[in-house]
Structures are given as C-alpha cells and as structure tokens.
Amino acid sequence: MFALVDCNNFYCSCERVFDPKLDGRPVIVLSNNDGCAIARSEEAKQVGIVMGTPEYMIRDLIKEHNVAVFSSNYTLYGDMSDRVMKLLASFVPRLELYSIDEAFLDMSELAYENLLELGMRIRTTVTQSTGIPVTVGIAPTKVLAKMANRFAKKKRKDIGVHWLGNDYLIREALEATDVGDIWGVGHQYSTMLVRNGFKTAADLVNAPEDFVREKMSVVGHRLIKELKGIPAIEWEFEPKKKKNICTSRSFGSLTQSKDVMIEAVSNYAALCAGKLRKEKSCARELIVFVKTNQFRTQDKQYEHAIRMQMEVATNNTVELIKYALKGLDIVFKDGYNYQKCGVIVNDLVPETEIQFGMFDQVDRKKNNTVMHALDKVNQAFGKDIVRFAVQRFDKRYRLNARFLSKKYTTDINEVLHVKI
DNA sequence: TCTGGGGTCCTAGGACCC
DNA sequence: TCTGGGGTCCTAGGACCC
C-alpha cells in the first residue's frame with residue numbers, strides 16, 4: 001500500500017501560517033510577475049476565482065470579496081515544504097518527494113492493521129507541527145493513491161483521509177472519478193476518451209487494450225494497469241539527477257533594450273550555474289531563447305533559440321555567462337518588444353565524469369575553488385552578494401512582486417515579532 | 001512502372017505533471 | 001497596461017551507417 005500526502009492549497013496555507021487573521025478570508029497567490037492566480041484557498045475557490053486566471057481579469061472579484069492577494073514567495077514555500085517532508089519521512093521507511101507539496105509514502109512494510117488510523121495520525125502531526133493542513137490518500141498504486149486523495153478532499157473532508165482498502169472501495173472511487181480527473185489524463189486525452197464513450201475511470205478500466213495502446217501509447221497502458229491495482233509506475237526513492245535545468249522569467253515590463261537583456265541573460269546563466277553546482281553536475285550544452293508577448297497581437301512577433309555546444313562540460317558561472325551572451329548576440333534582433341528570455345543547460349554530466357579537452361586552456365581547478373568560495377559567501381548571506389559585473393545590481397528587468405510576504409523562516413531580519 | 005533492409009542516434013513536438 | 005516557471009516521458013521521422 002502506498003499513500004499520497006499532499007498539502008491543501010499549499011502556497012495559500014503557507015501565507016496563512018504567518019498571518020492567522022487570514023483564516024476564513026479568501027486568499028490567492030499569484031504566479032511570478034504577479035501574472036495569474038496559481039493557488040487559491042477554499043474561500044477563494046468558492047467566490048469563483050478560477051485557477052490560472054490573470055490577475056487583471058479578477059480585480060473586481062478581489063475587491064468585492066476582500067480577497068487577500070500575495071506574490072509568490074518561493075523562499076518561504078520551499079522552507080515550509082522541507083519541514084513537512086521531514087515529518088512525513090519519520091512515519092515510513094521510504095518516501096518519494098514528488099513535488100513541493102506532495103510526497104508518496106511507502107506503507108507496504110508497515111505492521112499497521114488500520115492504515116486509515118495511521119493516515120489520520122500523519123495528518124494531525126503535520127498540521128500541529130507546521131500549521132499546514134494535508135490530505136492523505138492510501139491505495140495499492142500511485143494512480144489509485146492520487147484518486148483516493150482526491151476522494152478524501154471531496155467526500156471525506158471531516159477526516160481528510162481515504163483508504164482504498166478493498167475492491168468495493170476501489171470500485172466506488174473509480175465510479176466517482178471522471179476520466180479527466182485521473183492523474184495522467186490531461187485535456188487532450190480527456191476529450192478523446194469522452195468522445196469515445198469513456199466517461200469515468202470505471203469505464204476506462206475496462207477499455208480494450210489495443211485501443212488504449214493506439215490512442216495513448218504505453219503511457220495509457222500503464223495507466224490502466226495502475227487503475228486495476230497493479231503497480232506500473234516506477235518509484236524513485238532516491239532523487240534523480242536532473243537532465244536539464246532552465247532559468248527563465250518574464251520581464252517586469254516589455255523591453256527593446258539589448259542592454260537590459262544582457263543583464264537578464266547573464267543573471268539567468270549565473271542561476272543555472274548555481275543550480276548545476278548544487279546538483280554536482282556540469283553541462284555540455286547551453287540554450288538561450290528570447291520571445292515577444294504572444295498575447296499582444298498588435299506587436300510584431302519573434303521567438304528564437306540558439307543551442308551551443310561547449311568544448312568542456314562546465315558549471316562555472318563565468319564560462320556559462322560568456323556562452324550565454326554569445327548566444328544572445330545571435331538571437332537578439334532589434335525592434336521587437338521582448339517579453340521574456342531564458343537560459344537552459346542541457347546534456348548534463350556528473351562533475352566527476354568530465355572529459356577534458358586536449359587543448360583546454362582553462363585552469364579548471366582554480367576556477368572550481370573560486371566558484372566554491374562564491375557559493376559559500378552567497379549562501380551565508382542568503383542572497384547573491386558576490387556577482388559579476390554584467391549581472392549588475394539594479395535589476396532593470398526585474399519582476400513585479402507587489403504583494404510579497406516576508407521570509408519568515410529563512411531570514412533573521414524578517415522573522416515574526418511577537419508582542420507579549 | 002518498379003529503386004533494399006536493418007539498425008542506431010538524434011531532434012522536434014506533443015502529451016503530461018505541479 | 002496587465003496572461004508563470006520548471007520539469008519528465010514518449011513517439012515519429014530524418015540522418016546516417018553498413
């Protein structure tokens with residue numbers, strides 16, 4: 001048996017932990033650049049705020065219902081996530097961190113008779129220790145655990161836990177779940193399945209094998225097995241090494257300036273380099289892309305990406321910035337209103353397995369020492385104190401974040417003050 | 001008229017996830 | 001005025017090889 005534990009409306013719940021006055025009030029959190037609503041409290045869902053709606057389209061709703069609005073604060077959410085995951089890990093021998101707010105727990109070797117009770121204990125412990133409410137779904141496979149979790153949210157609100165412990169309960173959940181609400185069935189597949197007469201998960205579980213194989217490839221085949229209670233999706237108890245790393249952001253406002261983009265691209269390259277070093281990986285390929293805003297039909301549109309192979313795989317900030325700027329030089333064209341740019345590093349290899357070039361002139365050992373020192377200093381200050389000249393400090397391209405809460409848990413200057 | 005067969009590797013694009 | 005960011009996996013088709 002496996003459990004899927006997920007945090008309810010995670011980003012909103014994080015904001016609420018540090019401001020109890022928000023209890024009972026609709027809360028939403030916006031995507032980067034204060035673009036769209038990406039997290040909503042129950043109250044916000046009830047007043048009709050739809051996931052992914054741009055903020056400017058719901059201003060009336062926000063005003064009318066006194067909705068509390070936040071810019072996303074990933075420093076805070078990341079730290080709260082760590083706390084929740086550490087608690088979850090104390091209940092089971094193994095768990096898989098699935099996303100910032102979800103984990104699969106391996107309950108197969110536990111001696112508990114009643115997993116429902118265990119689920120409830122997990123739930124109270126996490127809520128009491130972190131203030132974050134969670135829901136637990138328990139079932140024989142990942143897909144069914146997801147389904148159980150969803151069922152718990154809809155129909156077991158009182159206890160927040162659901163255990164698909166026998167065939168009857170599995171049947172009930174399958175019948176109560178529309179195909180589009182199955183984990184792994186997105187919009188395209190959902191439309192196709194409904195068109196072919198499959199309405200609920202209970203319909204899909206009996207779909208002919210070759211139909212599923214043809215229309216949904218092996219992904220669909222695995223999905224059906226999982227729905228039947230036969231595990232078909234791999235477990236990853238060890239976090240896998242990343243295969244590519246991307247840093248990209250929209251600009252706070254559209255820009256035509258190459259100067260501004262030089263600054264942005266060098267910062268994104270530096271961020272990629274930092275992420276690479278954290279992963280203990282080096283990249284052999286770097287991609288730079290730029291694009292205009294597709295929603296502005298009145299603007300000339302342009303989108304371009306350039307891939308560059310690097311002679312020796314690297315995670316050195318200076319080198320990656322150098323390549324990234326070379327790339328920008330190629331993709332940048334004058335006269336467009338740019339909305340976004342980004343840097344992707346690809347073809348990653350472990351630091352320890354780098355092939356050195358025969359004519360490589362770079363003193364890599366010295367470079368590594370410098371980068372290591374840079375990471376240490378920046379880590380100690382909690383922000384990028386040490387930077388390279390092109391990165392500048394003024395962030396002329398910076399994102400909008402008008403409703404940002406404090407770094408309550410990671411910055412000593414921003415901890416909560418308590419008056420007694 | 002009719003233009004092999006079998007294999008690998010790479011890439012772009014599509015689907016999905018949170 | 002204002003529409004996120006960061007990933008994974010799978011497949012078809014092209015390039016290339018013998």
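Chain letters run A, B, ... following the sequence lines, proteins first, then strands; residues in each count from 1. Just so you know, these numbers use all the heavy atoms, side chains as well, and skip hydrogens, waters and symmetry mates.
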Asks: Does OP1 or OP2 of C:dT1 have a side-chain N or O of A:Arg296 closer than 4.0 Å?
Replies: no
Asks: How would you label the contact of A:Arg402 with the nucleic acid (heavy atoms, under 4.0 Å): base, sugar-phosphate, or nothing?
Replies: nothing
Asks: What's the closest nucleotide to the side chain of A:Asn244 if the choices are B:dA12, C:dT8, C:dG4?
Replies: C:dT8
Asks: Return whichever of A:Arg249 or A:Gly52 has its heavy-atom-nearest nucleotide of DNA chain C closer to the 5' end.
Replies: A:Gly52
Asks: Which nucleotide, B:dA15, C:dT11, C:dT1, lies nearest any side-chain atom of A:Arg59?
Replies: C:dT1
Asks: Counting heavy atoms from C-beta on, name the nucleotide in C:dG4, B:dT11, C:dC10 closest to the side chain of A:Ser31.
Replies: C:dG4
Asks: Just to be sure I understand the geometry, which residues of residues 326-345 of chain A put a non-hydrogen atom under 4.0 Å away from DNA chain C?
Replies: A:Gln339, A:Lys340
Asks: Is the A:Trp183 ring parallel, tilted or perpendicular to the A:Phe104 ring (thresholds 30°, 60°)?
Replies: tilted
Asks: Checking all strands, does A:Lys146 fall into the base, sugar-phosphate, or nothing category for heavy-atom contacts under 4.0 angstrom?
Replies: sugar-phosphate
Asks: Measure the shortest side-chain to side-chain distance between A:Phe332 and A:Val290 over non-hydrogen atoms and say whether it is less than 4.5 angstrom.
Replies: no
Asks: On the nucleotide C:dG4, are OP1 or OP2 found under 4.0 Å from the side-chain N or O atoms that A:Ser72 carries?
Replies: no
Asks: Supply the atom-to-atom distance A:Asn267 CG to A:Arg392 CZ, rounded to the nearest 0.5 angstrom.
Replies: 10.5 Å
Asks: With rounding to the nearest 0.5 Å, note down the distance linking CD1 in A:Ile58 to CG in A:Leu30.
Replies: 7.0 Å
Asks: So what is the 5' to 3' dot-bracket string for DNA chain C, if pairs are Watson-Crick or G-U wobble with both distances under 3.5 Å, crossing pairs use [ ] and | means the partner sits on another strand?
Replies: ....||||||||||||||
Asks: For A:Ile100, which contact category applies under a 4.0 Å heavy-atom criterion: base, sugar-phosphate, or nothing?
Replies: nothing
